[in-house]
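Predicted model, so just to flag it, every value in this text is computed and none were measured. The figures that follow rest on heavy atoms only: side chains count, while hydrogens, waters and symmetry mates do not. Heads up: numbering here begins at 1 and tracks the sequence.
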Amino acid sequence: MTTVSELDQTVTDYQLSHVYWLVKAAKLAYSDEAEVRETTRRWGLDRCEFFHTKLDASFPIEDTQAFVAGSDKMIIVAFRGTEPTNIKDWLSDVNALGTPGPAGKGFVHDGFSRALDSIYPQVKQAVQELRDNDQTLWITGHSLGGALAMLASARMHFEDPNLLPNGVYTFGQPRTCDRSLAAPYNEAFASRVFRFVNNNDVVAQVPPEPAFHHVDDVRYFDSDGVLREKLSFTGGLTDGIKGLTSDPLAPGTDGVRDHFIDHYVELVEKNLS
């Protein structure tokens, strides 16, 4: 069993041990308020704000949830995701790219924008109130939560340049925006954003290109669970096929299975050993 050190609140750059705590935070974002508060307290984050908002009936996702937890050294913002069966179909609509991005930069998926709008003012206020000692700021999320993490970080920085997170780490994140937002985002967040994708994760493949575009930088778990920083196009195709055929008893389910948050946690733990 992998032994992971306690959360290091002094980290300022990319470290796999820190990825572990952020994927754990992304998983924790699925929990209820009591568990979120108790768990973050055990992590040494003595202040915590929890948010849960209902969305209108026209939206495929019923609600949005997030928490902001911090100490005098660091702040973590985590957005909750949703299961792949609830997200992949409505994300396939290319016509959803119609909402202006933060500070008028590019366009974003209308569903993501609406989901973020329902919770962003409370999240930003909590960050501003907790950040009273120039703490490092980390934003994370899985699935839909990954999309909200990316867009929240973009909105924070492009609307208030003083709010530049130290890191935005997402897991199984769908494409969120067009190239005209992705390009300035990649420039502003260089070496701060890491988008983790597990092999054939179906949600990371939607909404479709070329209208929608992923942001940098990708970190890829191959079909053997090994974390790779670089993978050629051909290598990616070969590894994807290997993943698809890995379970002959359940053909066609690899993309959904690869998306689950528990698998991302297990893969990070495996690569720490």
Side-chain angles (χ1 to χ4, degrees), residues 19-32 35-36 50-55 59-68 76-93 96-97 108-120 123 138-155 167-177 182 193-209 212-215 217-221 227 243 253-268:
V19 175
Y20 169 81
W21 287 103
L22 291 174
V23 73
K24 292 281 284 185
K27 179 180 178 179
L28 182 61
Y30 285 90
S31 303
D32 61 27
E35 184 173 354
V36 167
F50 179 90
F51 307 102
H52 179 266
T53 60
K54 290 285 188 179
L55 300 173
F59 197 62
I61 305 300
E62 294 181 356
D63 54 8
T64 307
Q65 185 168 297
F67 70 83
V68 180
I76 295 177
V77 180
F79 292 90
R80 193 193 68 190
T82 187
E83 298 303 332
T85 52
N86 294 334
I87 194 174
K88 64 184 180 66
D89 291 335
W90 66 269
L91 283 186
S92 298
D93 183 8
L97 187 65
V108 302
H109 189 284
D110 180 62
F112 296 148
S113 180
R114 291 170 60 190
L116 184 60
D117 284 345
S118 71
I119 206 165
Y120 179 75
V123 168
W138 307 87
I139 305 180
T140 188
H142 165 256
S143 190
L144 169 66
L148 299 183
M150 177 265 156
L151 289 175
S153 65
R155 188 176 295 187
V168 181
Y169 291 28
T170 69
F171 306 88
Q173 174 193 328
R175 298 184 182 98
T176 56
C177 61
V193 175
F194 297 93
R195 182 173 54 82
F196 293 84
V197 177
N198 179 22
N199 193 236
N200 289 318
D201 186 334
V202 66
V203 173
Q205 302 173 41
V206 292
E209 293 182 309
F212 293 88
H213 194 65
H214 266 311
V215 297
D217 280 324
V218 67
R219 293 290 185 271
Y220 177 79
F221 294 106
L227 181 61
T253 63
D254 183 58
V256 172
R257 196 169 58 245
D258 285 349
H259 182 65
F260 293 125
I261 183 61
D262 284 344
H263 287 181
Y264 279 96
V265 175
E266 292 167 3
L267 288 167
V268 174

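Counting only distance, with no hydrogens or angles, the side chain of T140 and the backbone of L22 share a donor-acceptor pair below 3.5 Å. Looking only at distances, a side-chain donor or acceptor of Q65 sits under 3.5 Å from a matching main-chain atom of A29. In terms of modelled atom types and a separation under 3.5 Å, the side chain of H142 and the main chain of H259 share a donor-acceptor contact. Looking at H263, its side chain does come within 3.5 Å of a backbone N or O of R257 through a donor-acceptor pair. Distance alone, capped at 3.5 Å, is enough to place a donor-acceptor pair between the R175 side chain and the Q205 backbone.
With sequence neighbours excluded, the residues forming a side chain to side chain contact (heavy atoms under 4.5 Å, CB included) with V218 are R195, V197, listed by chain and number. By the ring-ring contact (aromatic ring centres under 6.0 Å, His included) test, F196 pairs with F171, sequence neighbours left out.
For Y169 and F194, the distance between ring centers is under 6.0 angstrom.
Atom CG of L227 and atom CZ of R219 lie 7.5 Å apart (nearest 0.5 Å). Interatomic distance, CD1 of I119 versus OG1 of T53, reported as 4.5 Å (0.5 Å rounding). Here CG of L116 is found 6.0 Å from CZ of F79. Values are rounded to the nearest 0.5 Å. Rounded to the nearest 0.5 Å, atoms CD1 (I76) and CH2 (W138) are 9.0 Å apart.
Inspection of the Y220 and N198 side chains reveals no N or O donor paired with an N or O acceptor under 3.5 Å.
Of all heavy-atom pairs between A152 and Y120, the closest is O-CE1, 3.9 Å. Nearest heavy-atom pair, F67 versus A25, reported as atom, atom and distance to 0.1 Å: CE2-O, 3.7 Å. The shortest non-hydrogen separation linking Y20 to V23 is O-CG1, 3.1 Å. Of all heavy-atom pairs spanning F112 and L148, the tightest one is O-CD2, 3.6 Å. Among all heavy-atom pairs drawn from Q173 and A147, the shortest one is CG-N, 3.7 Å. The nearest pair of heavy atoms linking G172 to D201 is CA-OD2, 3.2 Å.
When side chains are defined from C-beta on, F51 counts as touching V68, because their heavy atoms get closer than 4.5 Å. Within the 4.5 Å cutoff, no side-chain heavy atoms of V268 are placed close to those of K24. In this structure the side chain of M150 never reaches within 4.5 angstrom of the side chain of V193, judged on heavy atoms.
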Given the rule in the side-chain contact (heavy atoms from CB on, under 4.5 Å) test, do D63 and H52 qualify, once you have shown the distances and angles that lead to the verdict? CA-CA 7 Å; D63 54 8; H52 179 266; 2.7 Å; yes
Derivation and outcome, side-chain contact (heavy atoms from CB on, under 4.5 Å), residues V108 and T176: CA-CA 6 Å; V108 302; T176 56; 5.8 Å; no
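Of the residues R80, K27, E266, the one that meets the side chain to side chain contact (heavy atoms under 4.5 Å, CB included) test with I261 is K27.
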